[in-house]
Amino acid sequence: MGSIEEETLLLRGQQQVWQLMFGFADSMALKCAIQLRIPDIIYSHGAPISLSQIASGIDSPSPDMGYLDRIMRYLVRKNIFSSHQSSDGGETLFGLTDTSRWLLHDSDLSLNSMVIMQNHPWLLAPWHCFAQCVKDGGIAFKKAHGCEVWDFASQNPEFNNLSNDAMACTNKAIMKAFFLGYKDGLSSSTVQTLVDVGGGTGAVLAEIVKVYPHIKGINFDLPLVVATAPEYVGISHVGGDMFEAIPNADEVFMKWVLHDWRDEDCVKILRNCRKVIPEKTGKLVLVEVVVDEDENENESFGNTGFVFDLLMIAHASGGKERTELEWKKLLKEGGFPRYKIIKIPAITSIIEAYPE
């Protein structure tokens, strides 16, 4: 046996195992708060409220106060809600925090749909296939559901709607951070045309054109995607395949596209981007996660980049989140030897890349 100190340190090691083992408790408690609309109930009162007032707003004739109390206690400890004693020293009053304001159903900046989607059994099932993926390769989502995620979405309208709602709410959050951290990035007179590669139905590009009305936007995606795209002022929808050719533009914009693909696929896409922009003034603007291996867990988004990389194992078909060195290599092979990373208050960063 080792010394008492060594034995004590070993026994303390179990603490992290227990914390990791029950890491799912955070997301389940968060999902519960959203499903019960607790943030909305508190917000509707315009001030911190008591547990009984929260209970009265829940869609149930007789909510269990004991369960509610314990769940709120946990969420307060996680800084999802605030709590303090009422002025008369009686009841505990619960209020919103900067975190729970992102959980309001009717807010333009809400992550509710993403929380609900990521905690749905459909999306959790592939995580149980990680060990099998390590043993024999393959795609986790396909092992769990018998097909890849895009095929699953095309066959399952409920899942497709769940996914679309989640991406829509995430887009709003990321684009708010994008405009805050990239105020002058698209204001140059050299940017007359901008093509959004993999732009879906054009909602993100519409936001960009609204802020920069001098830009002519080209929303580029698969023909079946743009076929359902609504009309936007200043935007034309073009159907095609980014592996074949991309419309000409002064700049190319891509948000969360390359992380879905293997390195060799990304190089093909990047080379096609390189072909369609001016050599001297052209620019590629990526909105992607840049995994920071030196970032402290408690700084900014901490380990979230690493979590997203595991998410890509669970849900993508060979995609990954990349470090700066991995992005540098990829961009150089794709024809963009020079780049700049701009951090914004989001899980993603902006990567500006240039042909020379």
Side-chain angles (χ1 to χ4, degrees), residues 24 26-37 59 102-103 105-106 110-134 136-174 196-206 219-230 237 239-243 254-262 265 269 289 307-321 347-348:
F24 65 87
D26 290 352
S27 57
M28 291 298 110
L30 196 65
K31 179 181 177 181
C32 173
I34 292 170
Q35 290 176 318
L36 295 175
R37 291 184 174 255
D59 183 20
W102 285 87
L103 306 177
H105 276 79
D106 297 325
S110 172
L111 290 174
N112 282 0
S113 295
M114 181 59 78
V115 174
I116 295 299
M117 185 187 80
Q118 293 298 340
N119 288 286
H120 193 286
W122 285 330
L123 276 298
L124 291 175
W127 290 83
H128 293 278
C129 300
F130 276 20
Q132 189 180 351
C133 286
V134 171
D136 55 29
I139 298 167
F141 195 94
K142 189 172 183 179
K143 290 180 186 297
H145 297 293
C147 63
E148 296 185 30
V149 64
W150 308 118
D151 293 327
F152 191 78
S154 66
Q155 299 163 13
N156 189 323
E158 185 181 350
F159 176 79
N160 189 52
N161 291 336
L162 194 71
S163 178
N164 288 340
D165 289 345
M167 288 310 301
C169 78
T170 307
N171 283 340
K172 289 180 181 179
I174 289 177
D196 184 355
V197 176
T201 57
V204 167
L205 186 57
N219 180 54
F220 180 70
D221 212 309
L222 294 171
L224 63 88
V225 175
V226 298
T228 61
H237 299 291
D241 184 344
M242 62 186 174
F243 289 102
M254 282 193 287
K255 184 185 71 64
W256 260 351
V257 171
L258 297 182
H259 78 154
D260 284 328
W261 300 96
R262 296 179 178 86
D265 294 320
I269 297 168
V289 170
V307 174
F308 264 64
D309 190 42
L310 294 182
L311 183 69
M312 300 310 293
I313 297 176
H315 300 158
S317 304
K320 61 186 291 189
E321 303 297 357
I347 177 61
T348 54

* Asked: Is there a side-chain contact between Thr201 and Pro230 (heavy atoms, below 4.5 Å)?
  -> yes
* Hey, could you give me the CZ/CD1 distance between Phe243 and Ile269, rounded to the nearest 0.5 Å? => 4.0 Å
* **Within 6.0 Å of CH2 in Trp261, more than 12 heavy atoms from elsewhere** => no
* Structure fact -> Contacts satisfying side-chain hydrogen bond (donor to acceptor under 3.5 Å, both in side chains) that involve residues 161-171 (not counting sequence neighbours) are Asn171-Lys255
* Among all residues two or more places apart in sequence or in another chain, which pass the salt bridge (Lys or Arg N to Asp or Glu O under 4.0 Å) test with Asp26? -> Lys78
* Where do Leu111 and Cys169 come nearest, in terms of heavy atoms and distance? -> CA-SG, 3.9 Å
* To do: State which residues pass side-chain contact (heavy atoms from CB on, under 4.5 Å) with Ala144; sequence neighbours excluded, sorted by chain then number.
  => Ala125, Pro126, Cys129
* Asked: For Ile313, which residues count as a side-chain contact (heavy atoms from CB on, under 4.5 Å) partner, sequence neighbours excluded?
  -> Phe130, Leu310
* **Listed once per pair and sorted, the side-chain hydrogen bond (donor to acceptor under 3.5 Å, both in side chains) pairs that draw on residues 114-127, sequence neighbours left out** => Ser27-Asn119
* Asked: So, for Ser110 and Leu103, which heavy atoms are closest and what is the spacing to 0.1 Å?
  -> OG-C, 4.4 Å
* Asked: Of all residues at least two apart in sequence or in a different chain, which pass the side-chain hydrogen bond (donor to acceptor under 3.5 Å, both in side chains) check with His315?
  -> none
* Asked: Are the side chains of Met167 and Met114 in touch, meaning some heavy atoms are under 4.5 Å apart?
  -> yes
* To do: For His259, check side-chain hydrogen bond (donor to acceptor under 3.5 Å, both in side chains) against everything at least two apart and list the hits.
  => Glu321
* Could you tell me which residues satisfy side-chain hydrogen bond (donor to acceptor under 3.5 Å, both in side chains) with Asn112, sequence neighbours excluded, listed by chain and number? => His105
Under 3.5 Å, which donor-acceptor pairs link side chains of residues 146-159 to any protein atom two or more places apart or in another chain?
| unit_1 | atom_1 | unit_2 | atom_2 | d |
| --- | --- | --- | --- | --- |
| Glu148 | OE1 | Ser317 | OG | 2.5 |
| Ser154 | OG | Asp151 | O | 2.7 |
| Asn156 | OD1 | Glu158 | N | 3.2 |
| Asn156 | OD1 | Phe159 | N | 3.0 |

* Asked: Taking only residues two or more places apart in sequence, or in another chain, which ones meet Ile116 in a side-chain contact (heavy atoms from CB on, under 4.5 Å)?
  -> Lys31, Ile34, Gln35, Leu162
* Start with the C-alpha gap between Asp196 and Phe220, add the side-chain angles, then the distance that decides, and say whether side chain to side chain contact (heavy atoms under 4.5 Å, CB included) holds. => CA-CA 6 Å; Asp196 184 355; Phe220 180 70; over 6 Å; no
* To do: May I ask you to test the Trp256-Thr348 pair for a side-chain heavy-atom distance under 4.5 Å?
  => yes
* Structure fact -> side-chain hydrogen bond (donor to acceptor under 3.5 Å, both in side chains) filter on Asn219, not counting sequence neighbours, yields His237
In residues 136-143, what donor-acceptor pairs under 3.5 Å come from side-chain atoms, sequence neighbours left out?
| unit_1 | atom_1 | unit_2 | atom_2 | d |
| --- | --- | --- | --- | --- |
| Asp136 | OD1 | Lys143 | NZ | 3.0 |
| Lys143 | NZ | Gly137 | O | 3.0 |

